[in-house]
Amino acid sequence: RERIARAADAKKSPIVLALDLPTSKRNLPAFAAKTIRAVGQHICAVKMNFHLILPLSASEISRINKLVHSYGLQSIADIKLNDIENTNEVAIDHLTRMGFDAVIANPFIGKGGLAALVQKAHKAGAGVIALVYMSHPGAKEGFGLEVGGRGLYSEFLERATGAGADGIVVGATQLDILRQVAKQQLPVYSPGIGAQGGDAEQAIRSGADYLIIGRSIVEAAQPAKVAKEIQSRILLSVRK
Ligand code: 3DU
């Protein structure tokens, strides 16, 4: 949690680059490295998802993480951990050995499972970011379900806080939920900007601390230009 806050301060950017490379790309490690070099000055972290974690080897991922760190950035593994304790722990072992600084987990596993996962990650020197409300239209069918007179997401928020998680994910397309969770202490990571219809400034104004952005940057003709534009717009809107 502190490491990403320092990186964001140093880079003057709350952007977490979702390094989601299309399957059509050949030589994924080279393209990943090129993208990190291009936008490294405009972001504070890189998030890797199945796009790279499935096709690449552990040593290829480790090399990407070394490059990420050489730019003063943090690295987040987004496989939304959601399994039994033993499996989650093995996943954390592998991911931290590959150099990830944090993992994303799904509080659906329950209070005990989430607490064990956080403990394990913290012991390995890594953080945990808990999914509280996703950005896609169907999110309300899960995270928005009414349970005991309140949305499941509010239970997930309590679980994240109780387990000692280092942050939460709330979609940038869910401005009401962002405003609600902004009152609590955990940093909020917000995906869903651009390609999914969310707006960077609105998300920040509604309570997001970090913006997770993928396709609008990665698939742009000039990724650095787009990342820099978003970074400058956010800096300006925060100053206002
Ligand atoms: O829509 P984009 O291309 O900017 O990518 C968003 C990334 O964030 C992508 O990796 C997706 O899997 C992840 N994500 C969400 O989009 C929504 C969530 O609630 C959690 C993660």
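For reference, positions follow the sequence shown, starting with 1. Model, not experiment: these values are computed from the prediction. Note that these values count all heavy atoms, side chains included, but never hydrogens, waters or copies made by symmetry. Every number for a ligand or one of its atoms is a count from 1 in the order of the listing.
The aromatic rings of Y189 and Y210 lie parallel to each other, their planes meeting at an angle below 30°, with 60° marking the opposite boundary.
Of the N and O atoms on the side chains of Q180 and Y153, at least one donor lies less than 3.5 Å from an acceptor on the other residue. A donor and an acceptor atom, one from each side chain of S135 and Q196, are located under 3.5 Å apart. Judged purely by distance below 3.5 Å, without hydrogens or angles, the side chains of S75 and N65 pair a donor atom with an acceptor atom.
Atoms of ligand 1 lying under 4.0 Å from any heavy atom of D20, numbered from 1 in the order shown and given with element: 5 (O), 7 (C), 9 (C), 10 (O). Less than 4.0 angstrom separates some heavy atom of N49 from each of these atoms of ligand 1: 10 (O), 11 (C), 12 (O). Interface atoms of ligand 1 facing D78, defined by a heavy-atom separation under 4.0 Å, are 13 (C), 21 (C). Of all atoms in ligand 1, numbered sequentially from 1 with element shown, those under 4.0 Å from a heavy atom of R215 are 1 (O), 2 (P), 3 (O), 4 (O). For ligand 1, the atoms lying closer than 4.0 Å to a non-hydrogen atom of I212 are 8 (O).
Taking the charged nitrogens against the carboxylate oxygens, D9 and R6 have no contact shorter than 4.0 Å, which rules out a salt bridge. Under the 4.0 Å criterion applied to side-chain N and carboxylate O atoms, D199 and R233 are assigned as salt-bridge partners.
Within the structure, ligand 1 has S135 among the residues with a heavy atom less than 4.0 angstrom away.
Nearest protein heavy-atom contact of atom 4 (O) of ligand 1 is G214 N, 2.8 Å. The shortest contact between atom 18 (C) of ligand 1 and any protein heavy atom is with P191 CG, 3.4 Å. Nearest to atom 13 (C) of ligand 1 among the protein's heavy atoms is K47 NZ, 3.5 Å. If you check which protein heavy atom lies closest to atom 16 (O) of ligand 1, you get Q196 NE2, 2.9 Å.
Nearest-heavy-atom check against atom 21 (C) of ligand 1 across K80, H136, M134 picks out K80.
Within 6.0 Å of the CD atom in E219, the count of heavy atoms belonging to other residues, nucleotides or ligands exceeds 12. Heavy atoms from other residues, nucleotides or ligands lying under 6.0 Å from NZ of K228 number 12 at most.
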